[in-house]
There are 2 protein chains.
Amino acid sequence: MALKLRKNKSPLPPEPCALTDCMALISGAWAPNVIWCLRMEPRRFNELRVDIPPISAKVLSTRLTELKARGLINRNVLPTSPPSVEYELTAFGQELIPALDAIVQVGHKLKLKESE
Amino acid sequence: MALKLRKNKSPLPPEPCALTDCMALISGAWAPNVIWCLRMEPRRFNELRVDIPPISAKVLSTRLTELKARGLINRNVLPTSPPSVEYELTAFGQELIPALDAIVQVGHKLKLKESE
DNA sequence: CGGGATCCGGCAAGATACTG
DNA sequence: CAGTATCTTGCCGGATCCCG
């Protein structure tokens, strides 16, 4: 006997697209970490480099360029004697923080499971 | 004159690790979509294939195997005449739903921005 | 200090074909 | 229906060197 038929019309309207589209925003290795590091205050290139354990300068640079192109961060050049550059989240970038926060919560639970 | 010094000791203890660890859970293309499609009810292989636009059988199979290995989903073989297999979220897999939901929310806002 | 240019390697994803 | 096998491709990230 066949199993109870479930409607094949999936109960998922445009959500998968929204999911995919937003995942694309934070795609690329370290991108979520970069956003996370900027959540409290603007930070400079080498500060981010130190914050995010073993990220290479090239990848960090690439990621920052991408995130700027996606409208998630701003890049501000400060007119100081050793030239310095600050990166900060845009208003739209800020909107990702709750999502990343939810992800971090799961990460914490994962840690607890591992230590059992 | 030098810029106001910010403490270089980053204000981010182990959160980046939690972030990275949880991101690893949903790594792999389509993995978030698979979890999302399973959030309401168990679904079968070909149902997922239809739900998730252009995913190949190989990739879906690979992803399902990975997610099972990570403890996020269960695989149940049903003893029906055409053999059928159901996939469902585990309790731990359920914990990802709030995070994915937050991501979807951002995706919707992104849609609105685009249509402006 | 804050990057860009280049080369290179690996893995993941796509396409296609085959199976129990 | 529910996959597996194999091949191929493309992109992403790491390393290194160099620049204003």
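Order of the sequence lines sets the chain letters (A, B, ...), proteins ahead of strands, with each chain counted from 1. These values consider heavy atoms only, across backbone and side chains, with no hydrogens, waters or symmetry-generated copies.
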_In this structure, how many angstroms lie between the C1' atom of C/dG2 and the CD atom of A/E47, rounded?_
13 Å
*To the nearest angstrom, how far is A/W30 atom CH2 from D/dC11 atom C1'?*
18 Å
*Roughly how many Å is it from CD1 in A/I55 to P in D/dA15, rounded to a whole number?*
12 Å
*How close or far is atom C1' of C/dG3 from atom CG of A/L64, stated in whole angstroms?*
10 Å
*Are OP1 or OP2 of C/dG2 and a side-chain N or O of A/R44 less than 4.0 angstrom apart?*
yes
*Apply salt bridge (Lys or Arg N to Asp or Glu O under 4.0 Å) to B/K109 and list each qualifying residue two or more places apart in sequence or on a separate chain.*
A/E95
*Straight-line distance of A/C22 SG to B/L100 CG, nearest 0.5 Å*: 10.0 Å
*Residues two or more places apart in sequence or in another chain: which of them pass salt bridge (Lys or Arg N to Asp or Glu O under 4.0 Å) with B/R70?*
B/E66
*pair A/I103-B/L25: side-chain heavy atoms closer than 4.5 Å*: no
_From CZ of A/R43 over to C1' of C/dG3, roughly how many Å is that when rounded to an integer?_
18 Å
_Using OP1 and OP2 only, check whether a side-chain N or O of A/R49 sits under 4.0 Å from C/dG3._
no
*With sequence neighbours left out, write down each residue that passes side chain to side chain donor-acceptor pair (under 3.5 Å) with A/D101, or none if nothing qualifies.*
none
*Applying side chain to side chain donor-acceptor pair (under 3.5 Å), name anything that partners A/N76, two or more places apart in sequence or on another chain.*
A/E88
*Tell me which of A/S27 and B/P83 sits closer to the 5' end of DNA chain D, going by the nucleotide each one is nearest to.*
B/P83
Check nucleotides 4-12 of chain C against the protein and report each pair of N or O atoms closer than 3.5 Å, with its distance, or say if there are none.
residue: C/dG4; atom: OP2; partner: A/S61; partner atom: OG; Å: 2.3

*Report the residues that fulfil salt bridge (Lys or Arg N to Asp or Glu O under 4.0 Å) with B/K68, sequence neighbours left out, ordered by chain and then residue number.*
none
_Rounded distance in Å - CZ (B/F45) to C1' (D/dC1)_ = 10 Å
_Please tell me if A/R75 has a side-chain N or O lying less than 4.0 Å from either OP1 or OP2 of C/dG3._
yes
*In whole angstrom, what separates B/K68's NZ from D/dG3's C1'?*
15 Å
